[in-house]
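Working notes, structure below.
Residue indices begin at 1 and follow the sequence shown.
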Amino acid sequence: MKAKTKSLMFMGVFILCMALVALILVLTQPKIEEDDSSTQTQSTTIELLSYERDNISSMTVSNQYGEYTITQNAKGFSVNELGSLKQNSTVMGAAGNCATKITAQALVEKNAESLEKYGLEEGSETASCEVVMKDGTGYTLIFGSDAPDGSSVYMRMSDSTDVYTVLKSSASYFYNAKESYVSLIIKESISSESTAPTIDFLTITRKDLDYDIIFEDDTKNYATDEVSMASSQVMISPVYAYLDITNSNDILYGIWGLTATEAIKPFPTEEELAEYGLDDPFCTVRMDAELQVYTLLIGDVAGYSLDENGNETTEPAYFYGYYEGTDCIFVFSADEVKWATFQPIDILSSLMTSNYIYKLDYIDIQLHNGEDIDYYFDVTGNVDEGELSVMLDGSPASTEDFKILYQFLLKCPIDALCLEDPSPDAKLLAYIDFRREDGGGDTLEFYDDGTNRVTIKLNGYTSFSQPKSYLDTLCSNLELFKEGASGDQLQMIW
């Protein structure tokens, strides 16, 4: 009996101990952080205003840049002080959202006795926005100093001394200058479905060059085919030359899609234009296209590029600019206004001529580099069928070998631009006439300049200079070809 009683007592004590352990574990279990965080968010976020943006009649913003009014009508928002300038309605709509839906991060002080320490005392505020609704009601938001957390700013309603903190990102629109609402898209891009505009003339005048760079439309003489890398525009000054279709694109069509980095000065005076170097611009771009004239003035450098150590270099990164028809001074990145920095040779085709081999009628080559020799290639091609036949001085020639020879002719290198005509007594070393079946084509004239180089005229215009070694190799290849050498025996390096 005593043993049974002891056993029962032992089991009771054991069960009691286990219960105490379970109780201690429950009481000491930490709270779930997610729930705690959710509770804190709900208790600290305070909705101050919640109206519909579409009910706004006007917003008058005051800050360090001055005062301006944003009004809303059936067409949307616009800044009164910006007049007819194209404006960014998306950004103004976002400002309207921030003015009608305000959520505070916290109530800092209710009925604050001293607003000065928050930068919210009348006259010391950093920004304000007076909102008038379409029904005539309204309110004013007052913004003060930055809060210690670095991401918030103190704020109150004009009719209250309760001080709150709101996120800087929500208040940022009320610190902007009116210029921030000017649209930075100067001219819309060409849509992928549209045909590129025909540019009749494009003239670039720069102070660092003693010549104008001029382009004109050459569509009538342009060899339209799927392998040509030449543009339908041609450079006519400082030299006559064909353009690389890719490298020249930003120069020829850069006006379309032109976008600024920042709007600086709407409705500038003559003095303000002079301040930014736009009364006597560094670069002027004038384009005649589609019966319209487009003019862009590029003035002083607005900022220079930095090297890897953060030091300023001499390479321009930004320019001030003025586009006629948009009465505002803008800042443009140097990449956006390449007219101010490019060199003519940067955008030229690597080929002096690019007439499609299947569209050739003949090639007449007259050599005076030693003895006088003529080579006349009569060419017949069918683009659709990919068929080609060649006669050299009346005798059939290998089509495949001719293709290799023609590659060498096309690779006539552009080594340097030449702005001076050959001297009157300069000897003509070679004349090449490329003529297509449609009547178009090109002529190349090689003149000895007396320094182991040749001056080349393209279609009668002095354009290039190159080492004489190319012409010497061409003479050798022509002789080899006429003697029946295969394409592999021709020299492709000079």
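Looking at heavy atoms from C-beta onward, Val234 lies in side-chain contact with Glu216 at the 4.5 angstrom threshold.
Taking a cutoff of 4.0 Å between a charged side-chain nitrogen and a carboxylate oxygen, Lys338 and Asp250 qualify as a salt bridge. Looking at Arg286 and Asp288, a side-chain N of the basic residue comes within less than 4.0 Å of a carboxylate O on the acidic one, giving a salt bridge. Taking 4.0 Å as the cut-off between side-chain N and carboxylate O, Asp146 and Lys168 count as a salt-bridged pair. Using a cutoff of 4.0 Å between basic side-chain nitrogens and carboxylate oxygens, Lys86 and Glu188 are scored as salt-bridged.
In this structure, Trp256 and Tyr253 have tilted ring planes: the angle between them lies in the 30° to 60° band. Note: Phe174 and Phe143 have parallel aromatic rings, judged against thresholds of 30 and 60 degrees for the angle between ring planes.
Shown are Phe377, Tyr376, Tyr375; of these, the ring pair (Phe, Tyr, Trp, His ring centres under 6.0 Å) with Tyr362 is made only by Tyr376.
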Assess the residue pair Phe332 and Trp339 against the criterion (ring-ring contact (aromatic ring centres under 6.0 Å, His included)); give the C-alpha distance rounded to whole Å, side-chain angles, the decisive distance to 0.1 Å, and a yes or no. CA-CA 12 Å; Phe332 295 94; Trp339 304 281; 8.8 Å; no
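For the pair Leu278 and Ile298, the tightest heavy-atom approach, listed with the atom from each and the gap, is CD2-C, 4.0 Å.
Between Tyr276 and Phe330, the ring center distance fails the sub-6.0 Å criterion.
The cationic atom of Arg206 (NZ for Lys, CZ for Arg) lies less than 6.0 Å from the six-membered ring centre of Phe342 and within 45° of the ring axis.
Under the 3.5 Å distance criterion, the side-chain polar atoms of Asn73 are matched with a main-chain donor or acceptor of Gly76.
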